[in-house]
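Everything on this sheet refers to the single structure shown next.
Proteins come first, then strands; the chains are lettered A, B, ... in the order of their sequence lines, and each starts at number 1.
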Number of protein chains: 2
Amino acid sequence: MQEPRKSDLLQGTLDMLILKIVQFGPIHGYGIAQRIQQISKEALQVQQGSLYPALHRLENKGLLASDWRASDSGREAKFYTLTPQGRHQLEAETAHWERMSEAVGLILRTVE
Amino acid sequence: MQEPRKSDLLQGTLDMLILKIVQFGPIHGYGIAQRIQQISKEALQVQQGSLYPALHRLENKGLLASDWRASDSGREAKFYTLTPQGRHQLEAETAHWERMSEAVGLILRTVE
DNA sequence: GCATGATGCCTCGACGGTCTACCTATACAG
DNA sequence: CTGTATAGGTAGACCGTCGAGGCATCATGC
């Protein structure tokens, strides 16, 4: 019996993570995936098939704004920035995450 | 603007939480939902439509075993217990959760 | 000149977990 | 006899994620 194929991230956290990374400053999609992987010390990694739909989702909701600029490598890339709603949403999701993950920890640390 | 309809739990944690609660000793489904809610101080709550499919899933995978007994209220109820594989799985999932949630925390606590 | 890998954007189909909304039945209180 | 808590269950829909692809550009090595 082999690895039950664990997901690369905790379900439902992707949007929050993206918003958080973008908060640091304008960045393109490819860079977001790299940053997440790097900061998490390779523990989390975002598949492109998850990333781009998420970015479009967030942009459609008005949480992110985008414009084309030249990337470090001199190529055109779509840079995302946080909108005011995005910042607000990030705060809300962060608070929600804190509450929830703490609650899970509470259960896990319970010894009968 | 209304509640974005947040989920009642963090996606992907239900199986782990169930296994953890069952670890405390034989308990029936209804009781599991109550315990989770109670220990988490109402932060987490499990819908029955999520709970029972999850229990059947876990039993089919051989992580839980069940038998009918009389509950506290004198009614018949299906009591679940952890199998050895279930215990093993719980440890694996707990470790995975720790790694993942810590990684998420790492990102959230990063200040540029 | 050509292949390869890294960068960068994207789409599609499938899967699986969760939620909402139901159904059933029993015990007990009023 | 009606309502509520307890207890088990199913069906359908939704939606996020993943796997697997596609496309283009640029730098490097051969």
Side-chain angles (χ1 to χ4, degrees), chain A residues 3-19 26-38 44-61 63-64 66-80 93 96-97 100 104, chain B residues 3-19 26-38 44-61 63-64 66-80 93 96-97 100 104:
Chain A
E3 285 286 359
R5 254 317 102 229
K6 283 288 172 187
S7 148
D8 295 322
L9 12 98
L10 293 174
Q11 306 289 103
T13 60
L14 180 55
D15 290 9
M16 176 177 68
L17 293 177
I18 290 177
L19 293 176
I27 186 171
H28 52 75
Y30 196 84
I32 293 174
Q34 289 180 132
R35 290 279 278 163
I36 289 180
Q37 197 165 339
Q38 163 209 341
L44 305 174
Q45 58 180 359
V46 185
Q47 307 303 323
Q48 297 196 346
S50 311
L51 177 67
Y52 291 109
L55 287 172
H56 301 331
R57 214 160 52 218
L58 294 170
E59 191 171 10
N60 284 338
K61 285 197 231 168
L63 306 178
L64 291 181
S66 67
D67 59 321
W68 290 85
R69 307 185 194 176
S71 76
D72 282 354
S73 62
R75 316 234 319 264
E76 286 296 298
K78 198 194 266 185
F79 279 72
Y80 290 91
E93 287 196 30
H96 183 250
W97 161 262
M100 288 299 169
V104 171
Chain B
E3 286 286 357
R5 252 319 103 222
K6 284 287 175 186
S7 150
D8 294 323
L9 7 101
L10 293 174
Q11 306 290 104
T13 60
L14 180 55
D15 290 9
M16 176 178 66
L17 293 177
I18 290 177
L19 293 176
I27 186 171
H28 51 76
Y30 196 83
I32 294 173
Q34 288 179 132
R35 289 279 277 165
I36 289 179
Q37 197 165 338
Q38 163 209 341
L44 305 174
Q45 59 179 0
V46 187
Q47 307 304 322
Q48 297 196 342
S50 311
L51 177 68
Y52 292 109
L55 287 172
H56 302 330
R57 214 158 53 219
L58 294 170
E59 191 171 8
N60 284 337
K61 284 197 231 168
L63 306 177
L64 291 181
S66 67
D67 59 320
W68 290 86
R69 307 184 194 176
S71 76
D72 283 353
S73 63
R75 315 235 321 262
E76 286 296 298
K78 200 194 264 182
F79 280 72
Y80 290 92
E93 288 196 30
H96 182 251
W97 162 261
M100 288 300 168
V104 171

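- Candidate nucleotides dT18(C), dG8(C), dT6(D) were compared by shortest atom distance to the side chain of Y30(B), and dT6(D) ranks first.
- The CD1 atom of I18(B) sits 9.0 Å away from atom OH of Y80(B), with the distance rounded to the nearest 0.5 Å.
- Every residue two or more places apart in sequence or in another chain that forms a side chain to side chain donor-acceptor pair (under 3.5 Å) with E59(A) is listed here: S66(A).
- Taking 4.0 angstrom as the limit, Y52(B) places none of its side-chain polar atoms (N or O) nearer than this to OP1 or OP2 of dG9(D).
- For L14(B), taking side-chain heavy atoms from C-beta onward, the closest of the listed nucleotides dG8(C), dT17(D), dT18(C) is dT18(C).
- Rounded to an integer number of Å, the gap from L58(B) CG to dT18(C) C1' is 14 Å.
- Applying the side chain to side chain donor-acceptor pair (under 3.5 Å) test to R75(B) and every residue at least two apart in sequence or in another chain returns nothing.
- Taken to the nearest 0.5 Å, the OG1 atom of T13(A) stands 8.0 Å off from the CD1 atom of I36(A).
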Every protein N/O within reach of nucleotides 12-15 of chain C N/O, cut-off under 3.5 Å:
none

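- With a 4.5 Å cut-off on side-chain heavy atoms, M16(B) and V104(A) count as touching.
- Residue G12(A) is in sugar-phosphate contact alone, with no base atom involved, counting any heavy-atom pair closer than 4.0 Å across all strands shown.
- Atoms NE2 (H28(B)) and P (dG8(D)) sit 6 Å apart, rounded to a whole Å.
- Close to dG16(D), at under 4.0 Å from its OP1 or OP2, lies no side-chain N or O of S50(A).
- In terms of heavy atoms, G49(B) sits closest to P53(B) at O-CG, 3.2 Å.
- Residue R69(B) places no side-chain N or O under 4.0 Å from the OP1 or OP2 atom of dA7(D).
- Protein atom NZ of K61(A) is 10 Å distant from nucleotide atom P of dC15(D), rounded to whole Å.
- For the pair K78(A) and T13(B), nearest-nucleotide mapping onto DNA chain C gives the more 5' position to K78(A).
- For the pair A54(B) and D15(B), the tightest heavy-atom approach, listed with the atom from each and the gap, is CB-OD1, 4.1 Å.
- We find that CZ of R57(A) is positioned 17 Å from P of dC9(C), with the value rounded to whole Å.
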Atom pairs under 3.5 Å, N or O on each side, protein against nucleotides 23-30 of chain C: can you list them with distances?
| residue | atom | partner | partner atom | Å |
| --- | --- | --- | --- | --- |
| dT26(C) | O2 | R75(B) | NH1 | 3.1 |
| dT26(C) | O2 | R75(B) | NH2 | 3.4 |

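- Atom CG of L51(A) is separated from atom C1' of dC18(D) by 13 Å (rounded to the nearest Å).
- Residue D72(B) qualifies as open at atom CG: its count of foreign heavy atoms under 6.0 Å is 12 or below.
- Distance E59(B) CD to dG8(D) P: 12 Å, rounded to the nearest Å.
- Qualifying ring-ring contact (aromatic ring centres under 6.0 Å, His included) partners for F79(B), counting only residues two or more places apart in sequence or in other chains: H28(B).
- Residue Q11(A) is classed as a sugar-phosphate contact, given heavy-atom separations below 4.0 Å to backbone atoms only.
- When rounded to the nearest whole Å, the span between CG of L17(B) and C1' of dT18(C) equals 14 Å.
- Among the nucleotides dG19(D), dC10(C), dG9(D), the one closest to any side-chain atom of D8(A) is dG19(D).
- Atom-to-atom, CZ of F79(A) to P of dT7(C) comes out at 14 Å; the value is rounded to the nearest Å.
- The side chain to side chain donor-acceptor pair (under 3.5 Å) search around Q48(A) returns none, not counting sequence neighbours.
- For the OP1/OP2 pair of dG8(D) and a distance below 4.0 Å, the side-chain nitrogens and oxygens of H56(B) include no atom meeting the criterion.
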